Number of protein chains: 2
Amino acid sequence: MDATPPRHLSARKKPRQARSATTVEAIFEATIQVLLREGIHRLTTTRVAERAGVSVGTMYQYFPHKQALLYALNERYLDLVAERVEAACQAQHGAPTKAMVEALVTAYWEAKTERSEVTRALYRSAVELDNEALIEAFARRMDAATIAMLKSAPDAVYANLDLVNVTLLSVIFGTVRNVFERNLPASQQVAIRHQLTIMCLSYLEMSAGKAEPGAPGCA
Amino acid sequence: MDATPPRHLSARKKPRQARSATTVEAIFEATIQVLLREGIHRLTTTRVAERAGVSVGTMYQYFPHKQALLYALNERYLDLVAERVEAACQAQHGAPTKAMVEALVTAYWEAKTERSEVTRALYRSAVELDNEALIEAFARRMDAATIAMLKSAPDAVYANLDLVNVTLLSVIFGTVRNVFERNLPASQQVAIRHQLTIMCLSYLEMSAGKAEPGAPGCA
DNA sequence: TCAATATATGAAGGATCATTCGTTTTCGGG
DNA sequence: CCCGAAAACGAATGATCCTTCATATATTGA
């Protein structure tokens with residue numbers, strides 16, 4: 001995320017040699033592993049270092065403290081998700097509303113559930129982390145991406161685009177998280193995802209001043 | 001919640017005298033306060049006891065360990081929310097779908113945001129807590145309540161009630177949480193809540209085999 | 001090959017916590 | 001009023017953790 005991190009959370013120094021880049025990567029990976037296998041209350045600098053195959057001291061060369069590590073981890077993750085959603089949105093510029101909704105739901109849903117354990121681990125790591133700035137920046141990026149997409153729709157014009165957009169995103173993001181955390185069987189997840197798409201589409205159609213010439217309607 | 005708690009999380013003993021009931025209540029209250037003022041990583045048995053005006057030892061007479069305290073706290077809270085939603089649902093038996101949706105969204109939304117700091121504190125406390133059973137029980141209660149309500153609708157029959165219902169709940173619960181955590185300005189929250197209601201209603205109408213005799217439709 | 005710089009090490013300091021248990025205080029029934 | 005049970009107390013224990021820093025090793029460019 002491009003949010004300037006709170007000063008106390010910024011990374012200590014940037015890797016200059018190749019091996020240190022490897023190290024940092026290993027540390028990130030190890031953090032996720034520990035988070036998954038041990039839970040957040042057993043997420044220890046020592047344990048992370050051990051699993052990463054480096055010493056604690058090394059960790060502290062790149063992250064001034066544990067919080068900074070978690071912050072950076074979340075930053076990376078949100079960045080990935082944001083990029084995917086943005087790409088999906090751009091790909092649908094000028095497409096019909098239905099395609100837009102499907103692409104949006106699919107992109108976000110898959111970004112979150114593809115490596116669901118990682119997502120879960122990060123949800124946990126984010127608690128008690130001063131990451132409001134991160135969330136805020138993520139929200140803004142998503143807002144911008146979907147607003148631009150919706151504006152380009154050939155079959156709809158929204159009188160209250162901002163509100164419609166923020167509602168749409170809240171519903172999609174919230175639902176994904178909720179379904180995700182309830183850990184429902186995969187088949188049910190797929191079904192709900194489909195329903196969600198239908199629901200959002202219906203919402204958008206309802207909110208749009210329709211511009212479709214031969215709109216199917218009353219006979 | 002009526003979920004049998006994992007054995008290791010059940011309370012140690014039940015208050016027999018009046019003063020101990022007071023004590024337990026004070027401990028619960030103190031836990032919330034500490035959670036709010038200090039955050040979860042500073043939620044200490046000592047600190048809780050101190051704020052409750054009792055000694056640590058006293059705490060351990062009612063809760064075998066910290067986790068059990070947090071578990072009990074969440075249990076209490078979910079119970080309250082569940083009761084309110086259940087009441088709202090029962091009050092709408094036989095009412096038109098629109099009234100149902102409005103009541104459901106309102107009940108859940110208000111239960112969560114009325115004392116929003118408490119809700120926030122509890123979301124935090126629930127991380128790394130073995131509370132799947134709690135969530136599960138809550139979900140079941142909600143499912144039962146809303147299914148019963150929807151079945152009683154005079155103006156709709158749902159071919160796929162279970163799916164429609166689980167979708168509805170996922171969307172509402174998820175959206176509330178998402179809006180809640182983004183901490184949007186109150187005015188925007190109200191607006192989104194209204195949109196959410198509209199959206200859900202539209203979804204239900206769309207999913208229903210309509211039974212309304214003089215359905216307003218094509219001229 | 002040789003400094004200068006970057007990276008890695010890990011034992012030890014200092015601090016915080018969860019939990020126990022021997023003791024003291026309070027309550028309530030007889 | 002008195003005694004056994006209930007409730008409360010809180011210092012001490014043992015464990016875990018974050019973070020530092022003096023030292024060692026690796027890399028790079030000249």
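In what follows, every chain begins at residue 1, and chains take the letters A, B, ... in the order their sequences are listed. Predicted, not measured: the structure shown is a model, and the values here were computed from it.
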Protein-nucleotide distance (Phe63(B), atom CZ; dA8(D), atom P), rounded to Å: 12 Å
For the pair Ser152(B) (side chain) and Gly94(B) (backbone), establish whether a donor and an acceptor sit closer than 3.5 Å, ignoring hydrogens and angles. yes
On DNA chain D, nearest-nucleotide positions of Arg19(B) versus Arg19(A): which is more 5'? Arg19(B)
For residues 178-187 of chain B, tabulate all N or O donor-acceptor pairs below 3.5 Å that involve a side-chain atom, not counting sequence neighbours.
residue   : atom : partner   : partner atom : Å
Glu181(B) : OE1  : Arg177(A) : NH1          : 3.3
Glu181(B) : OE2  : Arg177(B) : NE           : 3.3
Glu181(B) : OE2  : Arg177(B) : NH2          : 3.3

Let me know the distance between CD of Glu50(B) and P of dA8(D), rounded to the nearest Å. 17 Å
Distance in angstrom units between Met59(A) CE and dC21(D) P, rounded: 17 Å
For residues 85-92 of chain B, which side-chain donor-acceptor pairs fall under 3.5 Å, sequence neighbours excluded?
residue  : atom : partner   : partner atom : Å
Glu86(B) : OE1  : Arg141(B) : NH2          : 2.9
Glu86(B) : OE2  : Arg141(B) : NE           : 2.9

Hey, can you pull the donor-acceptor pairs under 3.5 Å for the side chains in residues 36-44 of chain A, sequence neighbours left out?
residue  : atom : partner   : partner atom : Å
Arg37(A) : NH1  : Gln33(A)  : OE1          : 2.6
Glu38(A) : OE1  : Arg42(A)  : NH1          : 3.4
His41(A) : ND1  : Glu128(B) : OE1          : 2.9
Thr44(A) : OG1  : Arg47(A)  : NH2          : 3.4

Residues at least two apart in sequence or cross-chain that pass side-chain hydrogen bond (donor to acceptor under 3.5 Å, both in side chains) with Thr97(B), listed by chain then number, are Asp155(B)
Applying salt bridge (Lys or Arg N to Asp or Glu O under 4.0 Å), name anything that partners Arg115(A), two or more places apart in sequence or on another chain. none
Nearest-Å distance, CD (Gln17(A)) to C1' (dT7(C))? 6 Å
Please report, rounded to the nearest Å, how far the C1' atom of dA26(D) is from the CD atom of Gln61(A). 13 Å
Strictly under 4.0 angstrom, non-hydrogen atoms only: write out the protein contact profile of nucleotides 10-19 of chain C, one letter per nucleotide from the 5' end, B, S or -. B------SBB
Would you say Ser20(A) reaches dA8(C)'s phosphate, i.e. side-chain N/O to OP1/OP2 under 4.0 Å? no
